[in-house]
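Note that ligands are numbered from 1 as they come in the structure, with each ligand's atoms numbered from 1 the same way. Numbering of residues begins at 1 and proceeds along the displayed sequence. Source: prediction; values computed, not measured.
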Amino acid sequence: MRTNPYVWLEDSLVTIHKANWYRSVQTLQSRPGAVVKLAGREVINFASNDYLGLAGDDRLIEAAIRATKDYGTGSTGSRLLSGHRELHRELECAIASLKQTEDALVFSSGYLANLGAIAALVGKRDLILADQYNHSSLKNGAILSGATVIDYAHVDIEDLQRQLVHHRQNYRRCLITTDSVFSMDGDLCPLPEILSLADQFSCMVLVDEAHATGVLGTTGAGCVEHFSCTGQPLIQMGTLSKALGSLGGYVAGSATLIDFLRNRAHSWIYTTGLSPADTAAALTAIEIINKEPQRRAKLWQNVEMLQSLITQTLPHLKLLPSESPILCLQFPSAKDVLTTAQQLKTAGIFVPAIRPPTVPTSRIRICVMATHEPSHLQQLVKEFLSIVPSPWQEEG
Ligand SMILES: *Cc1c(COP(=O)(O)O)cnc(C)c1O
């Protein structure tokens with residue numbers, strides 16, 4: 001009995017198509033920015049995590065070119081072998097200084113930072129309590145660690161407490177993991193309450209600041225600063241690829257934590273160090289975040305303007321609760337959200353449809369940038385209104 005062991009791939013794709021879950025890439029043909037070229041035409045960009053507009057900034061580009069000329073294109077080895085450069089250390093010090101932590105460690109991506117940190121911190125005898133809407137990298141880090149993983153209801157501090165009361169005493173170490181800004185919803189985790197429970201039940205806390213770094217807090221340090229939790233015992237991670245406009249990830253925390261991760265985080269030890277270009281671009285981004293708070297102020301002005309435009313002009317659409325530049329409009333089905341995103345693109349608005357299995361309910365996910373002009377935001381709302389003029393009929 002010889003059958004082709006790969007035929008199931010096609011069957012699986014058919015199933016994915018039928019569920020309207022099929023995904024494919026779109027080619028961007030310009031520098032990142034508030035307006036980009038997509039499939040040959042200019043569209044207003046609400047699909048990017050480049051909150052401060054730094055990914056296309058000349059200063060980051062120049063820094064990347066200079067670092068490439070000085071140090072080459074690749075770092076040629078893992079950090080512990082031949083891959084470590086002074087630039088990496090400078091970046092780690094800049095991150096620690098922004099976060100007001102003793103030290104920081106730079107990974108090749110945020111995803112790898114979560115995999116490496118979680119798998120190093122907990123194991124078979126331990127417990128992870130995770131917000132049910134956590135990012136994929138937190139979920140997969142938890143699986144990789146071999147610890148028992150229990151999800152608590154989204155931002156539900158009472159459910160977290162219940163789980164702690166029931167389960168904490170059966171495990172050696174406990175790690176609570178949460179996005180700080182939830183990436184597909186835009187709401188915030190209740191960080192002060194989580195830290196207080198962690199203290200009471202002797203748990204470590206890992207907070208994922210991917211969408212908060214450079215965005216939230218007076219100095220742009222993130223959600224931890226926003227909630228005045230700076231200096232409390234916790235593990236912060238984040239990415240260099242969103243507001244910082246580069247590529248890579250980091251963990252920030254105590255000197256002991258970072259020293260431990262340098263010795264135990266496999267996704268840091270056994271992978272090539274960050275390229276000089278990415279490292280230099282991220283370092284320059286942090287300098288700009290420190291020097292130009294007006295960028296963050298402009299971002300929040302835009303968020304407020306769009307929020308009020310949506311509530312005034314599109315009251316028939318359900319705006320999910322948000323305290324960040326991520327604004328989501330809920331749709332009844334994957335099919336509806338895909339059609340709407342396609343119509344918006346035809347109208348010159350680039351904004352993604354987010355569907356199951358990424359999220360439980362379909363939505364249009366709008367990302368506001370500091371570099372959006374008021375006219376961009378008005379245009380978005382105007383096109384929305386002409387494409388979705390009345391409430392959705394629930395599918396019967
Ligand atoms: C984007 C993201 C990551 C992964 O960061 P990369 O550097 O892109 O790998 C991790 N966590 C959250 C919440 C994210 O949104």
Side-chain angles (χ1 to χ4, degrees), residues 23 25 32 47-52 54-55 60 88 91-92 95 99 104-119 128 130-145 151 154-155 175-189 191 194 205-216 222-224 226 234-252 265-268 271-275 277-279 281-283 285-286 320 322-328 352 354 358-359 363 365-369:
R23 289 149 157 75
V25 297
S48 161
N49 298 316
D50 183 20
Y51 297 110
L52 301 173
L54 293 179
L60 270 72
H88 293 127
L91 176 58
E92 287 168 348
I95 293 167
K99 297 275 171 181
L105 187 65
V106 166
F107 289 71
S108 302
S109 76
Y111 208 108
L112 287 169
N114 271 334
L115 294 187
I118 296 170
I128 292 176
D131 188 289
Q132 70 178 131
Y133 285 4
N134 272 354
H135 188 260
S136 159
S137 54
L138 289 169
K139 288 182 190 279
N140 281 318
I143 293 169
L144 186 64
S145 75
D151 281 359
H154 179 52
V155 303
L175 176 68
I176 301 169
T177 62
T178 183
D179 285 24
S180 67
V181 172
F182 283 86
S183 58
M184 294 299 144
D185 301 83
D187 54 347
L188 306 185
C189 75
L191 187 61
I194 290 174
V205 176
L206 188 155
V207 61
D208 182 334
E209 294 268 54
H211 291 274
T213 303
V215 172
L216 278 156
C223 207
V224 173
H226 169 82
L234 85 165
I235 300 160
Q236 301 180 54
M237 68 73 57
T239 179
L240 310 176
S241 68
K242 287 170 179 147
L244 303 189
S246 180
L247 179 69
Y250 65 82
V251 174
H266 291 189
S267 68
W268 184 82
T271 198
T272 304
L274 207 59
S275 78
D278 292 322
T279 313
L283 187 56
I286 294 181
L320 298 182
S322 167
E323 294 171 82
S324 73
I326 301 167
L327 302 179
C328 292
I354 311 286
T358 306
V359 287
R363 66 203 61 179
R365 177 178 179 269
I366 304 163
C367 266
V368 181
M369 294 170 63

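No side-chain donor from either of H135 and Y111 sits under 3.5 Å from a side-chain acceptor of the other. No hydrogens or angles considered: nothing links the side chains of T358 and R365 as a donor-acceptor pair under 3.5 Å.
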Show the short N or O contacts, below 3.5 Å, that ligand 1 makes with protein N or O atoms; if there are none, say 'none'.
{"residue": "ligand 1", "atom": "7 (O)", "partner": "G110", "partner atom": "N", "Å": "2.7"}
{"residue": "ligand 1", "atom": "7 (O)", "partner": "T239", "partner atom": "OG1", "Å": "2.6"}
{"residue": "ligand 1", "atom": "7 (O)", "partner": "S241", "partner atom": "OG", "Å": "3.4"}
{"residue": "ligand 1", "atom": "8 (O)", "partner": "S241", "partner atom": "OG", "Å": "3.3"}
{"residue": "ligand 1", "atom": "9 (O)", "partner": "G110", "partner atom": "N", "Å": "3.2"}
{"residue": "ligand 1", "atom": "9 (O)", "partner": "Y111", "partner atom": "N", "Å": "2.9"}
{"residue": "ligand 1", "atom": "11 (N)", "partner": "H135", "partner atom": "ND1", "Å": "3.3"}
{"residue": "ligand 1", "atom": "11 (N)", "partner": "D208", "partner atom": "OD1", "Å": "3.4"}
{"residue": "ligand 1", "atom": "11 (N)", "partner": "D208", "partner atom": "OD2", "Å": "2.5"}
{"residue": "ligand 1", "atom": "15 (O)", "partner": "H211", "partner atom": "NE2", "Å": "2.7"}
{"residue": "ligand 1", "atom": "15 (O)", "partner": "K242", "partner atom": "NZ", "Å": "2.5"}

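Under the rule for a side-chain hydrogen bond (donor to acceptor under 3.5 Å, both in side chains), the partners of D208 that lie at least two apart in sequence or sit in another chain are N114. Remark: H154 pairs with Y133, F182 by the ring-ring contact (aromatic ring centres under 6.0 Å, His included) rule, at least two apart or across chains. For S180, the side-chain hydrogen bond (donor to acceptor under 3.5 Å, both in side chains) partners at least two apart in sequence or on another chain are E209.
With respect to K242, the side-chain contact (heavy atoms from CB on, under 4.5 Å) criterion is satisfied by exactly one of V215, L52, L54, N49: N49.
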